[in-house]
Structures are given as structure tokens and as C-alpha cells.
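Beneath this line is the structure, given in C-alpha cells, with notes to follow.
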Amino acid sequence: MSERKVLNKYYPPDFDPSKIPKLKLPKDRQYVVRLMAPFNMRCKTCGEYIYKGKKFNARKETVQNELYMGLPIFRFYIKCTRCLAEITFKTDPENTDYAMEHGATRNFQAEKLIEEEEKRIQQERDDEELNNPMKVLENRTKDSKLEMEVLENLQELKELNQRQAQVDFEGMIDQYRELEKREREREKEEDERETKEMLERVLIKRLRDSDSDSEHEEESSSAQLKKSSTDKPTDILTDEKPLEVASAGGVKRAKVESWERSVGTLGGRGSLGSLVVRKKPAVVHPCSTASTAVNTSKPAATQNGSSSLSLLGAYSDSDSNDSE
């Protein structure tokens, strides 16, 4: 497969470049180029103004037998936008500008004329000073004298303005500096006051938060203590249940939990109620306390004997029951 972009071409061994025919074109041939008007101009035929920057499709050609330091000069042909009259201008490399030829007139440019006049005067002065040292000294003296006169006139104008206006500029500057100083001090005081207020607000907020947290902790701890002192794990088995109105018959009955339906409670009449007997409080009499004191004073031997007698009595009772 051949290459799409061919860079190296094949030259046969008998190739002779002198045999290639050369294209002969005229030296004054013209090209069509796109350009903008280099300056403001006015058409001589219809008086139409053509401003700088207007775009044209122009014809370009090289001016014959006209060079500037080896640089060629080009001529451009454009047409008026109103009457289609032909207007020509060419390049001016000597002044780095364009020169008008015919078909229109270039508008007045005061700045360009002033620059040209200054250049002409400076060129004449340089030519005079080139071979005349006395002329150089005279020109320097004139320049220094002119500069001193300008400074004196400026100082007189300043003094005249001060007398007429009656304004103390030094006092105004001092007053302005004093005002700036006061403003800086005021801003500094305001900043310090704001920072102090912010710190106080933050401190008060932290104290309030800490007080509320401590009060909340105390309340929660006291509630937990009360609950732990009053509530017991087995209270749920003996507490009385609130009455609940049935929706079907309107009869009030105790609310039964799901776990009580299968097991029951200790306080109710269920199947497990008879298995647990509540302990009754013992009643203490004075005579019983005396008898207990006497019994405790007996020796251990008599206690052992009485216990053996009670056991013999129990065995004799059981034998009599068996005989019957």
C-alpha cells in the first residue's frame, strides 16, 4: 500500500532538471489580496469618506524601477464604496507609512505634520552643530536660559494662585495628616472593643452551657437514684395492673400481658400462685425473749441430749402408728 503523504519522491538515473520548462510570468503581474485602508481618505469623484480600517479586495503589484535600500515598493488598487472609482496608494518604507497616489485625498493629520516639522528643525540644528563648536555652545546657553525662564514662570504662577486663593496648603496637609491619625486610632479602638465583646459573649455562652450540662447531669443522676431505690426487679410480679375496658361487652378487667398468659404472676390466682408463700412478719413477745435467753445459757451437752430425746420420741410415734 502506497503512502498517503509522500515525502520522498523517486528520481530516475537519467533525470536532468535543466530540461524542465520554466514558467515565464510578467514582472508587473497583479495579485488579489485582502487589506484594510491604512488611513482616512476622501474620494475625489463623489466625495465619499473612506475611514481607516475599511476592508477591500485589492489588487497588488510591484512598482518597477523603484526601490528603497533594496526593498521593493508595492502599489495597491481599490475601488470607492460609492462610485466604484479606482483609488491607488503605495508603500513608503522610508517613513514607515503609505503614500497616496491618485483617486482620493488623504485627510488632514495635524499630529503627523507636527512630527515632520520637529524632525526637520532637529535635522537642521544637527547639521549646523556638526562643524561649528561655537554654535553648539550658543544652543546650550539658549536651552539653559529657556529652562530657567520656564521654571521662574511656573513659580510665579504658583505664588499668584496662592495669593488669590488664600489657601494654606501646609495647614491643609497637616490637618489631613491629623485626621488620618485620628481615624486610625478610632478604627483601632473599635477593633479592640469588638474583639473584647466577642470574647465576653463566648465566655458567657460557655459558662451557661457548662451550668446547664451540670444541672442536667444532677437531675438525671437523682432520677436514676430514686428509680433504683423505689423500683425492684420483682415488682413486676406483684404490682397491680390497671383496669382496661373491653370493647366487646364493656366489662372492666385487668390488662394481661403476653408473658403472663402462659406463666402467670405470683400475686394472682393462677397455677403458680400456690407455689410461692409470702413470708409473714414474726411477732416477738417478752416471755419468748426470756426463754430464748435461758436456752442459750444451757451447755451444748444438754442441747444434744434433748435433740436425741426428741428423735427417740419421733421414732416411737412412728412405730405406734405402724402397729395400728
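Between the side chain of Ser144 and the backbone N or O of Thr141 there is at least one donor-acceptor pair closer than 3.5 Å. Arg29 places a side-chain N or O within donor-acceptor distance of the main-chain N or O of Pro26, the cut-off being under 3.5 Å. Of the possible donor and acceptor atoms, one in the side chain of Asn139 sits under 3.5 Å from a partner among the backbone N and O of Lys135. Remark: the backbone N or O of Glu101 is not paired with any side-chain donor or acceptor of Thr88 at under 3.5 angstrom. Without hydrogens or angle criteria, Arg42 side chain to Glu48 main chain gives no donor-acceptor distance under 3.5 Å.
Arg125 has a carboxylate O that lies under 4.0 Å from a charged side-chain N of Glu129, or vice versa, which qualifies the two as a salt bridge. With respect to the salt-bridge test (charged N to carboxylate O, under 4.0 angstrom), the residues Arg120 and Glu124 qualify. Between Asp97 and Arg106 there is a salt bridge, with a side-chain nitrogen of the basic residue lying less than 4.0 Å from a carboxylate oxygen of the acidic one. Salt-bridge annotation for Lys142 and Glu138: absent, with no side-chain N of the basic residue lying under 4.0 Å from a carboxylate O of the acidic one.
Contact annotation: the side chain of Asp92 never approaches that of Tyr98 to less than 4.5 Å [non-hydrogen atoms, C-beta and beyond].
By the neighbour-count criterion of 12 heavy atoms within 6.0 Å, atom CZ of Phe15 is densely surrounded, having more than that number from other residues, nucleotides or ligands. More than 12 heavy-atom neighbours from other residues, nucleotides or ligands sit within 6.0 angstrom of CD on Glu192.
Judged as a salt bridge (charged side-chain N to carboxylate O under 4.0 Å, His left out), and not counting sequence neighbours, the contacts of Glu190 are Arg186.
Note that OG1 of Thr81 is 5.0 Å distant from CD1 of Ile50, once rounded to the nearest 0.5 Å.
For residues 50-60, every residue pair satisfying the salt bridge (Lys or Arg N to Asp or Glu O under 4.0 Å) rule, not counting sequence neighbours, is listed here: Arg59-Glu86.
Heavy atoms only, all atoms of each residue included: Phe89 and Leu35 are closest at CZ-CD1, 4.3 Å. Of all heavy-atom pairs spanning Ala104 and Cys43, the tightest one is CB-CA, 4.1 Å.
Using a 3.5 Å distance cut-off with no hydrogens or angles, the side chains of Asn57 and Arg34 do pair a donor with an acceptor.
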Using the rule given for side chain to side chain donor-acceptor pair (under 3.5 Å), can you reason through Tyr31 versus Glu61, listing the C-alpha separation, both sets of side-chain angles and the distance that settles it, and then say yes or no? CA-CA 7 Å; Tyr31 300 95; Glu61 69 177 8; over 6 Å; no

